[in-house]
Amino acid sequence: MQRRRAADDEDDDLLEDELPEEDQFGRMRYLELCREMGISPASQILKYLESEAMHVVHYGLGLKGVKALAGALRINQNVTVLRLADNAIPDDGCAELVRTLLDNSAVTLLDLSGNRMAANGAKALSDLLVSRNTVLKSLTLSKMKLGDREGVVLGNCLENNTALRSLDLSGNDLGEKTAHTLGQVLMVNLGLTELNLSWNKLRPRGVAHLAEGLKPNLTLQVLGLGWCGLQDSGATTFGQALKANQGLVDVDLSGNQITLEGLHALAEGVAASSTLAAVVLDNNDLRAEGGKELLHAVDHNKGLVVCSLENTNTPEQIRLAMEALLEPRRKLRDKLQASQQAAGA
């Protein structure tokens, strides 16, 4: 143990010798806070403080570690991407970090997935998202045990936020109340282009709230609703929303217990959508009749390039026919994209 402490002291001395006189990256402040709290500095943090992107995941920072990092970020205006997934950060640690970003005008991407956020963290994040100074464009809060209490708080602060483009809330315990709030937000929000709610407990009533918000929405392009318990009634209301929506491009509805009963309205929505390019329906029990309905919908909607039907009990003949229909469209899309890139080069 004494040998380990001596080695740590030598590393600290070496790191301090390498530090510049002016602490523009916050490295000196980070070392100072680590010393005050009696923890060893994380070499990864010291390295990434001088980079634009910080990727410190599965590192076990805990409360003290993230507090030391937060102190450094009050000085640092260099880091724009902050990925801190699975670091055993508790609610108070998330709150401390997020409050720091109120004074930080650099971080545009924040990933806190796999940590723990409750009332304190949600309140701090709400304050950040309603701030006119926020530059945060991408926020990942996956697998953080968020419930409707936190979901409603976060949803309410997005109504007038135009900076955030991508929000990942997958793998939490969000339900109907959060879906209701987000449905209201989607009616007026002008910034959000990607929303992932997969692996939550939205169920048919929650999806109905979202569907109402999607009807007038023009900006949301990518929506993840996989494994949310839509069932047939939820698929029906979502299909009706697709007819009115003029923004969605990519939708994931996999694993939602959708059968032929719910597929009728959904297929009608897919056929009528003016913007949809990809729909994923894997792990639903669609069978031959459902596959035929989707094949007809895809044939009608010339903008579709992806319709995934993995593990849906759909005969191989139908899936091959679907691919034969879609493959030429993808080739044409790729050719157009290549020519556009060449023209812009």
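Side-chain atoms of Asn283 and Ser254 include no donor-acceptor pair closer than 3.5 Å. With 3.5 Å as the limit, one finds no donor-acceptor pair spanning the side chains of Thr259 and Asp285. Counted by atom type alone, Asn120 and Asp92 present one or more donor-acceptor pairs between their side chains at under 3.5 Å. Residues Asn200 and Asn172 have side chains that never bring a donor and an acceptor to within less than 3.5 angstrom of each other.
For the atom pair CG (Leu154) and CD (Glu150), the distance works out to 8.0 Å, reported to the nearest 0.5 Å. Here the straight-line distance linking atom OG1 of Thr108 with atom CG of Leu82 works out to 10.0 Å at 0.5 Å rounding.
A salt bridge is defined here as a Lys NZ or Arg NE, NH1 or NH2 lying under 4.0 Å from an Asp or Glu carboxylate O, and Lys201 with Asp173 meets this definition. We find that Lys292 and Glu289 are not joined by a salt bridge, their nearest charged nitrogen and carboxylate oxygen being 4.0 Å or further apart. At a threshold of 4.0 Å, the pair Glu327-Arg330 counts as salt-bridged, since one of the basic side-chain nitrogens sits closer than that to a carboxylate oxygen. Between Glu96 and Arg99, at least one side-chain nitrogen of the basic residue sits less than 4.0 Å from a carboxylate oxygen of the acidic one, meeting the salt-bridge criterion.
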Which pairs of donor and acceptor atoms, one on a side chain in residues 336-345, lie under 3.5 Å apart (sequence neighbours left out)?
unit_1 : atom_1 : unit_2 : atom_2 : d
Ser339 : OG     : Lys335 : O      : 3.3
Ser339 : OG     : Leu336 : O      : 2.7

All N/O donor-acceptor pairs, side-chain side in residues 296-307, below 3.5 Å, sequence neighbours left out:
unit_1 : atom_1 : unit_2 : atom_2 : d
His300 : ND1    : Ala271 : O      : 3.3
Asn301 : OD1    : Gly303 : N      : 3.0
Asn301 : ND2    : Val270 : O      : 2.7
Asn301 : ND2    : Ser273 : O      : 3.0
Lys302 : NZ     : Asp299 : O      : 2.7

Please set out all donor-acceptor pairs under 3.5 angstrom arising from side-chain atoms of residues 51-68, sequence neighbours excluded.
none

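Nearest heavy-atom pair, Val98 versus Leu112, reported as atom, atom and distance to 0.1 Å: CG2-CD1, 4.4 Å. Heavy atoms only, all atoms of each residue included: Leu46 and Pro41 are closest at CD1-CB, 4.1 Å. In terms of heavy-atom proximity, Gln77 sits nearest to Ser105 at OE1-OG, 3.0 Å. Of all heavy-atom pairs between Asp282 and Glu310, the closest is OD1-N, 2.8 Å. Contact between Gly234 and Pro204 at its shortest, heavy atoms only, is N-CB, 4.0 Å. Closest approach of Ala241 and Lys215 over heavy atoms only: CA-CG, 4.0 Å.
A donor-acceptor distance shorter than 3.5 angstrom exists from the side chain of Asn78 to the backbone of Glu50, with no hydrogens or angles considered. A donor-acceptor distance shorter than 3.5 angstrom exists from the side chain of Asn189 to the backbone of Leu158, with no hydrogens or angles considered. Asn115 places no side-chain N or O within donor-acceptor distance of the main-chain N or O of Pro90, the cut-off being under 3.5 Å. Remark: side-chain polar atoms of Asn256 are paired, donor with acceptor, to backbone N or O of Leu230 under 3.5 angstrom. Formation of a donor-acceptor pair under 3.5 Å by the Asn161 side chain with backbone atoms of Leu164 is found in this model. Judged purely by atom type and a 3.5 angstrom limit, Asn104 uses its side chain to pair as donor or acceptor with the backbone of Val107. For the pair Ser126 (side chain) and Ala122 (backbone), a donor-acceptor distance under 3.5 Å is absent. Remark: side-chain polar atoms of Ser170 are not paired, donor with acceptor, to backbone N or O of Ser198 under 3.5 angstrom. Side chain of Tyr48 to backbone of Val79: no donor-acceptor contact under 3.5 angstrom is found.
Counting heavy atoms from C-beta on, the side chains of Leu110 and Leu101 come closer than 4.5 Å. Side-chain atoms of Leu248 and Leu220, non-hydrogen and from C-beta on, do get closer than 4.5 Å to each other. Taking 4.5 Å as the limit, some side-chain heavy atom of Leu309 sits within range of a side-chain heavy atom of Leu286. Side chains of Leu214 and Leu242 form no contact here, defined as non-hydrogen atoms less than 4.5 Å apart. When side chains are defined from C-beta on, Glu32 counts as touching Glu36, because their heavy atoms get closer than 4.5 Å. Counting only heavy atoms from C-beta outward, the side chains of Phe238 and Leu225 approach each other to under 4.5 Å. Put simply, the side chain of Val251 does not reach to within 4.5 Å of the side chain of Val280, judged on heavy atoms. For the pair Thr236 and Leu266, the minimum side-chain heavy-atom distance is 4.5 Å or more.
Applying the 4.5 Å side-chain rule to ILVMFWY residues, one finds Val188 in the same cluster as Met187. Applying the 4.5 Å side-chain rule to ILVMFWY residues, one finds Leu109 in the same cluster as Val81. When hydrophobic residues (I, L, V, M, F, W, Y) are linked wherever their side-chain heavy atoms come within less than 4.5 Å, the members clustered with Trp199 are Trp227.
In Arg329, the CZ atom is crowded: over 12 heavy atoms of neighbouring residues, nucleotides or ligands sit closer than 6.0 Å. Within a 6.0 Å radius of CZ in Arg205, other residues, nucleotides and ligands contribute 12 heavy atoms or fewer.
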- request: Under the side chain to side chain contact (heavy atoms under 4.5 Å, CB included) rule, what do Glu194 and Ser138 come out as? Steps first, then yes or no, please.
  value: CA-CA 9 Å; Glu194 297 185 28; Ser138 177; over 6 Å; no
message: Run Val185 and Leu192 through side chain to side chain contact (heavy atoms under 4.5 Å, CB included) and show every step you take.
response: CA-CA 10 Å; Val185 167; Leu192 206 60; 5.8 Å; no
message: Please determine whether side chain to side chain contact (heavy atoms under 4.5 Å, CB included) holds for the pair Leu125 and Leu141, giving the CA-CA distance in whole Å, both sets of side-chain angles, and the decisive distance to 0.1 Å.
response: CA-CA 11 Å; Leu125 193 52; Leu141 303 174; 3.5 Å; yes
task: Please test Thr314 against Arg287 for side chain to side chain contact (heavy atoms under 4.5 Å, CB included), starting from the C-alpha separation and ending with a verdict.
output: CA-CA 4 Å; Thr314 305; Arg287 306 194 179 238; 6.0 Å; no
- request: Go through the steps to decide whether Thr312 and Asn284 satisfy the test side-chain hydrogen bond (donor to acceptor under 3.5 Å, both in side chains), and finish with yes or no.
  value: CA-CA 5 Å; Thr312 57; Asn284 289 294; over 6 Å; no
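Contacts of Asn156 classified as side-chain contact (heavy atoms from CB on, under 4.5 Å), with partners at least two apart in sequence or in another chain: Val152, Thr181. Taking Asp127 as the reference, Lys123 meet the salt bridge (Lys or Arg N to Asp or Glu O under 4.0 Å) condition, with sequence neighbours excluded. Taking the side-chain contact (heavy atoms from CB on, under 4.5 Å) definition, one finds that Thr140 meets it with Asp111, Ser113, Ser142, Asp168, sequence neighbours left out.
Sorted pairs that involve residues 266-289 and meet ring-ring contact (aromatic ring centres under 6.0 Å, His included), not counting sequence neighbours, are lacking altogether. Pairs passing the side-chain hydrogen bond (donor to acceptor under 3.5 Å, both in side chains) check and including a residue from residues 237-246, sequence neighbours excluded, read Lys243-Glu268. Applying the salt bridge (charged side-chain N to carboxylate O under 4.0 Å, His left out) rule to pairs touching residues 257-267 yields nothing, sequence neighbours excluded.
In the hydrophobic cluster analysis, where Ile, Leu, Val, Met, Phe, Trp and Tyr join through side-chain heavy atoms closer than 4.5 angstrom, Leu169 is grouped apart from Val153. Residues Ile89 and Leu102 are members of one and the same hydrophobic cluster, defined by side-chain heavy-atom contacts under 4.5 angstrom among Ile, Leu, Val, Met, Phe, Trp and Tyr.
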